[in-house]
Participant: 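This is the structure, below, for whatever I ask next.
For clarity, every value in this text was computed on a predicted model and none was experimentally measured.
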Amino acid sequence: MRFAFLQEPPFCFTDASGVLGGCDAMLADKVCQLLELESFSPIETEFAELLSGLASGRWDMTTGLFISDERLKLVDFTRPIWMLPDGLLVAKSNPRAFDGYRSVAEDGAALIGVISGQVQHQTALQNGVPSERIRIFATQAEAADVVAAGAVHAYASVAMAHRGYLGRHPEADLAVINVPAEEKQPAAGAFALAKGSAALRQRLDSCLGELLGGSWHREMMNGYGFSDADIDRLL
């Protein structure tokens with residue numbers, strides 16, 4: 001099982017010795033073990049390559065992605081593996097007093113960063129942020145660095161991804177602002193598979209149905225900073 005992942009804690013990341021960790025990676029590996037699939041082979045990539053890599057056969061499954069109608073035209077998804085709200089990564093003192101996307105939109109000089117291909121780009125537009133004030137980056141680390149440098153004033157992603165980044169970079173002078181539900185409801189993410197993988201998807205869904213919310217899953221997710229409430233939101 002060739003598994004495409006990003007450096008995006010707490011979902012997937014490699015440690016100093018190159019060992020892969022993260023909740024998505026651990027869940028994918030566990031499912032592969034239980035289903036006795038071929039050896040679990042992680043492949044690092046960038047977000048913009050995830051879906052095209054599935055289509056071209058470079059890997060068999062990706063780390064969790066938000067499910068959207070647009071993506072469903074390109075790939076298939078397993079059952080959801082998390083349901084999470086958005087957040088903004090900002091300077092630690094939040095000097096511009098952001099409280100969500102709309103406050104960024106209302107600040108006529110504010111710039112917001114997003115990762116290429118991620119749904120937060122569209123969400124920012126839907127909440128009134130003009131396209132000319134959106135900056136696009138390839139990786140989490142790149143986007144976080146420009147916020148820390150003050151070149152961009154907020155970076156939009158999953159709030160838990162921001163917290164995962166700060167957990168691994170405690171020296172960063174940054175903070176996380178939760179996006180209110182009226183701007184963006186928590187959304188479901190799932191492993192993505194190539195079109196035509198119905199048999200594999202059914203096997204994965206059956207295994208996930210047995211794992212999600214169970215004692216192994218809760219202990220693993222808690223270890224990466226997820227609360228029981230985060231898990232119960234999915235269930």
Side-chain angles (χ1 to χ4, degrees), residues 4-14 22 24 44-53 62-68 70-71 82 84-187 189 192 225:
F5 74 95
L6 313 171
Q7 293 289 347
E8 190 178 41
F11 304 103
C12 298
F13 58 91
T14 51
D24 285 7
E44 183 176 348
T45 188
E46 292 185 354
F47 192 92
E49 300 296 318
L50 286 174
L51 300 188
S52 62
T62 76
T63 185
L65 301 174
F66 281 121
I67 302 166
S68 70
E70 182 178 358
R71 289 175 179 165
W82 38 254
L84 298 171
D86 278 4
L88 302 180
L89 191 67
V90 301
K92 194 165 190 176
S93 59
N94 192 17
R96 304 180 92 96
F98 293 142
D99 58 12
Y101 290 102
R102 293 174 192 169
S103 60
V104 176
E106 291 163 1
D107 182 334
L111 301 177
I112 189 170
V114 298
I115 302 301
S116 176
Q118 289 194 348
V119 298
Q120 285 78 19
H121 189 167
Q122 188 62 33
T123 305
L125 292 170
Q126 291 168 348
N127 280 280
V129 181
S131 59
E132 63 269 20
R133 290 203 276 119
I134 298 175
R135 300 293 182 265
I136 301 173
F137 301 96
T139 66
Q140 179 193 55
E142 184 182 347
D145 284 346
V146 295
V147 175
V152 165
H153 306 106
Y155 156 37
S157 185
V158 183
M160 188 58 74
H162 293 323
R163 293 191 175 92
Y165 177 86
L166 293 180
R168 291 179 61 80
H169 299 86
E171 76 288 351
D173 196 23
L174 299 168
V176 183
I177 305 300
N178 292 321
V179 169
E182 59 265 26
E183 293 185 6
K184 176 66 183 296
Q185 289 285 332

Participant: Calculate, to the nearest 0.5 Å, the distance between atoms OG1 and CG belonging to T63 and L65 respectively.
Facilitator: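 Reported to 0.5 Å precision, the distance equals 6.5 Å.
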
Participant: What's the shortest heavy-atom distance between V129 and A105, and which atoms?
Facilitator: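 The pair with the smallest heavy-atom distance is N-CB, 3.7 Å.
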
Participant: Could you check whether any side-chain N or O of R71 sits under 3.5 Å from a backbone N or O of L51, counting only pairs where one atom can act as donor and the other as acceptor?
Facilitator: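 Absent.
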
Participant: Quick check on E132: does its CD atom have over 12 non-hydrogen neighbours (other residues, nucleotides or ligands) under 6.0 Å away?
Facilitator: yes

Participant: Under a 4.5 Å cut-off applied to non-hydrogen side-chain atoms, are I115 and E142 in contact?
Facilitator: no

Participant: Quick one: closest heavy-atom pair of A144 and L89, and the distance?
Facilitator: CB-CD2, 3.8 Å

Participant: Can you tell me how far apart CG (N94) and CG (L88) are? Round to the nearest 0.5 Å.
Facilitator: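 One gets 8.5 Å once the value is rounded to the nearest 0.5 Å.
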
Participant: Report the distance from atom CZ of F11 to atom CG of L84, rounding to the nearest 0.5 Å.
Facilitator: 5.0 Å

Participant: Checking T14 against Q7: is there a side-chain donor and acceptor pair closer than 3.5 Å?
Facilitator: yes

Participant: Test: ring pair (Phe, Tyr, Trp, His ring centres under 6.0 Å). Region: residues 107-156. Which pairs qualify, not counting sequence neighbours?
Facilitator: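 The answer is Y155-H162.
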
Participant: So, does D24 use its side chain to make a donor-acceptor pair with the main chain of C12 at under 3.5 Å?
Facilitator: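 Between the backbone of C12 and the side chain of D24 there is no qualifying donor-acceptor contact (under 3.5 Å).
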
Participant: If you define the side chain from C-beta out and look only at heavy atoms, does anything of L50 sit under 4.5 Å from T45?
Facilitator: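 Contact flag for L50/T45 side chains = yes.
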
Participant: When rounded to the nearest 0.5 angstrom, what is the spacing between CZ in R135 and CD1 in I112?
Facilitator: 11.5 Å

Participant: Got F13 and E8 here, is their nearest side-chain heavy-atom distance under 4.5 Å?
Facilitator: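 No, their side chains stay 4.5 Å or more apart.
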
Participant: Measure across A161 and Q140 and return the closest heavy-atom pair with its distance rounded to 0.1 Å.
Facilitator: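 A161 and Q140 have their closest heavy atoms at O-NE2, 3.1 Å.
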
Participant: Show the nearest heavy-atom pair for residues A159 and V176, with the distance to one decimal.
Facilitator: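 Looks like O-CG1, 4.2 Å.
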
Participant: Quick one, L111 and R133 - any side-chain contact, counting heavy atoms below 4.5 Å?
Facilitator: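 L111 reaches R133 side chain to side chain.
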
Participant: Using modelled atom types only, decide if a donor and an acceptor are shared between the side chain of R96 and the backbone of S103 within a distance under 3.5 Å.
Facilitator: no

Participant: Report yes or no: does R102 contribute a side-chain atom to a donor-acceptor pair with the main-chain N or O of N127 at less than 3.5 Å?
Facilitator: no

Participant: Looking only at heavy atoms, what is the nearest atom pair of A91 and P95, with distance?
Facilitator: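 Reported closest heavy-atom pair: CB-CD, 3.7 Å.
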
Participant: Quick one: closest heavy-atom pair of L125 and P130, and the distance?
Facilitator: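 In terms of heavy atoms, the two residues are closest at CD2-C, 4.4 Å.
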
Participant: Per the salt bridge (Lys or Arg N to Asp or Glu O under 4.0 Å) rule, what does the pair list look like for residues 161-186, sequence neighbours excluded?
Facilitator: D86-K184

